[in-house]
Amino acid sequence: MNATSGQRPVGALLLCRADPSAVRPPAQLLREQLLLAPAGDDWSVLVPEGKPWLHGGEPVEQVVTGWATALAVSAATWPVVALWWDRDRAGLTLAAGFRRTVGYTWLADGTPVGEDEAMRTFAARLALDPVLDVQALEPLTAPDPESDSHSRLVGLVAVLTRTGLALPTGLLPGENADRLRSVALAQGAEQLEWSGWRDAVRAELDVVEGSPLGPYLRGPKARVLGAAQLAAGVPLLLWGIGRRSGGWSAAGILLVAHGALGLAYDRLREG
């Protein structure tokens, strides 16, 4: 891209390695304006409809990292890759369960400012081919005067197509948020609506009960998981409130809600 720094768009995409039916319930719990669409075999994409980074004072990287963390912790079985870009930088954040997030950043002109080890960890957690895929990722971490930050993200998406990712036509990282929203809607993306805690929890339980995680809904494993989510969520929520961070506060709220609801569900089922 040849746009000057002041003209560069700001936006984000959330790539979830799961079908839309599995992504929908936890995404609804975020209570954000999001569009959901299938993105290939066992992949879905979430497109922000709103622009909370313009109103809450947080950078887009911080907002989407909070969302990705909340989704990955809620899902437990599938990772989330957040792609983000602004006027000065672009990058990725990988969230997978309770593991620490992994990130990599490029300056607007494409200069890598991340650590090579982070990209290798990214490949390992997504179960990419340790030889072919890692070799394909290596150019993204090397200087290249012909590639700006947005072309780096496009290159990353190209590598992920080896795992089955296929973004809807016209939905490319680096575009402005309004264009991404228009393209997603034109491709038939679903507008996620908050239907209340009861309906959201019921929908999520339907998904989980039909999955290998069903045993974690009740019994000793469910109680351990619920306690762990509360233990992680409460301090995260307090930290997010103290920092006035909407993204991290959302992650804390989601963890606390999951933990409390899990414990309550286990008790009700036991009764």
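Here the structure is a predicted model, which is why all the values come from computation and not from measurement.
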With clusters defined by side-chain heavy atoms of hydrophobic residues (ILVMFWY) lying less than 4.5 Å apart, directly or transitively, does [Y] cluster with [X]?
| X | Y | answer |
| --- | --- | --- |
| L156 | W43 | yes |
| L30 | W84 | yes |
| L15 | V47 | yes |
| L172 | V60 | no |
| W78 | L126 | no |

Which heavy atom of [X] sits nearest a heavy atom of [Y], and at what distance?
| X | Y | result |
| --- | --- | --- |
| M119 | L92 | CE-CD2, 4.3 Å |
| V64 | L14 | O-CD2, 4.1 Å |
| A108 | R8 | O-NH2, 3.3 Å |
| P9 | G174 | CG-O, 2.9 Å |
| A37 | A189 | CB-CB, 4.0 Å |
| A72 | V80 | N-CG2, 4.0 Å |

Taking atom [atom1] of [X] and atom [atom2] of [Y], what is their separation to the nearest 0.5 Å?
| X | Y | atom1 | atom2 | value |
| --- | --- | --- | --- | --- |
| Q191 | Q33 | CD | CD | 9.0 Å |
| L34 | Q28 | CG | CD | 10.0 Å |
| L137 | L132 | CG | CG | 11.0 Å |

Identify, with sequence neighbours excluded, every residue that meets side-chain contact (heavy atoms from CB on, under 4.5 Å) alongside [X].
| X | result |
| --- | --- |
| V157 | L83, L165, L167, P173 |
| E190 | R24, L36, L192 |
| E117 | R120, T121 |
| V134 | A123, E138 |

So the salt bridge (charged side-chain N to carboxylate O under 4.0 Å, His left out) pairs with at least one residue in residues 123-134 (sequence neighbours excluded) are D133-R162
Worksheet item: Is a side-chain N or O of R152 found less than 3.5 angstrom from the main chain of L140, in a donor-acceptor match?
Response: yes
- prompt: Just by distance, do the side chain of D19 and the backbone of A22 share a donor-acceptor pair under 3.5 Å?
  reply: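 Pair absent, no side-chain N/O of D19 close to backbone of A22.
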- request: Could you walk me through whether E58 and W53 pass side chain to side chain contact (heavy atoms under 4.5 Å, CB included), step by step?
  value: CA-CA 5 Å; E58 293 183 81; W53 46 84; 5.6 Å; no
Side chain to side chain contact (heavy atoms under 4.5 Å, CB included), that's the test. Do R181 and L35 meet it? Break it down for me.
CA-CA 8 Å; R181 174 182 178 277; L35 299 172; 4.0 Å; yes
Compile the donor-acceptor pairs under 3.5 Å between side chains in residues 93-103 and protein atoms, sequence neighbours left out, one pair per line.
unit_1, atom_1, unit_2, atom_2, d
T93, OG1, T65, OG1, 3.3

Under the side chain to side chain contact (heavy atoms under 4.5 Å, CB included) criterion, do E175 and V183 qualify, and how do the steps go? CA-CA 10 Å; E175 298 287 351; V183 170; over 6 Å; no
> Looking at residues at least two apart in the chain, or sitting in another chain, which of them share a ring pair (Phe, Tyr, Trp, His ring centres under 6.0 Å) with W106?
Replying inline: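 Y104.
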Students should find that the hydrophobic cluster of L107, defined by side-chain heavy atoms under 4.5 Å apart, otherwise consists of V113
[X]: what forms a side-chain hydrogen bond (donor to acceptor under 3.5 Å, both in side chains) with it, not counting sequence neighbours?
| X | answer |
| --- | --- |
| D178 | K51 |
| W85 | none |
| T105 | none |

Sequence neighbours excluded, the answer for salt bridge (charged side-chain N to carboxylate O under 4.0 Å, His left out) partners of D109 is none
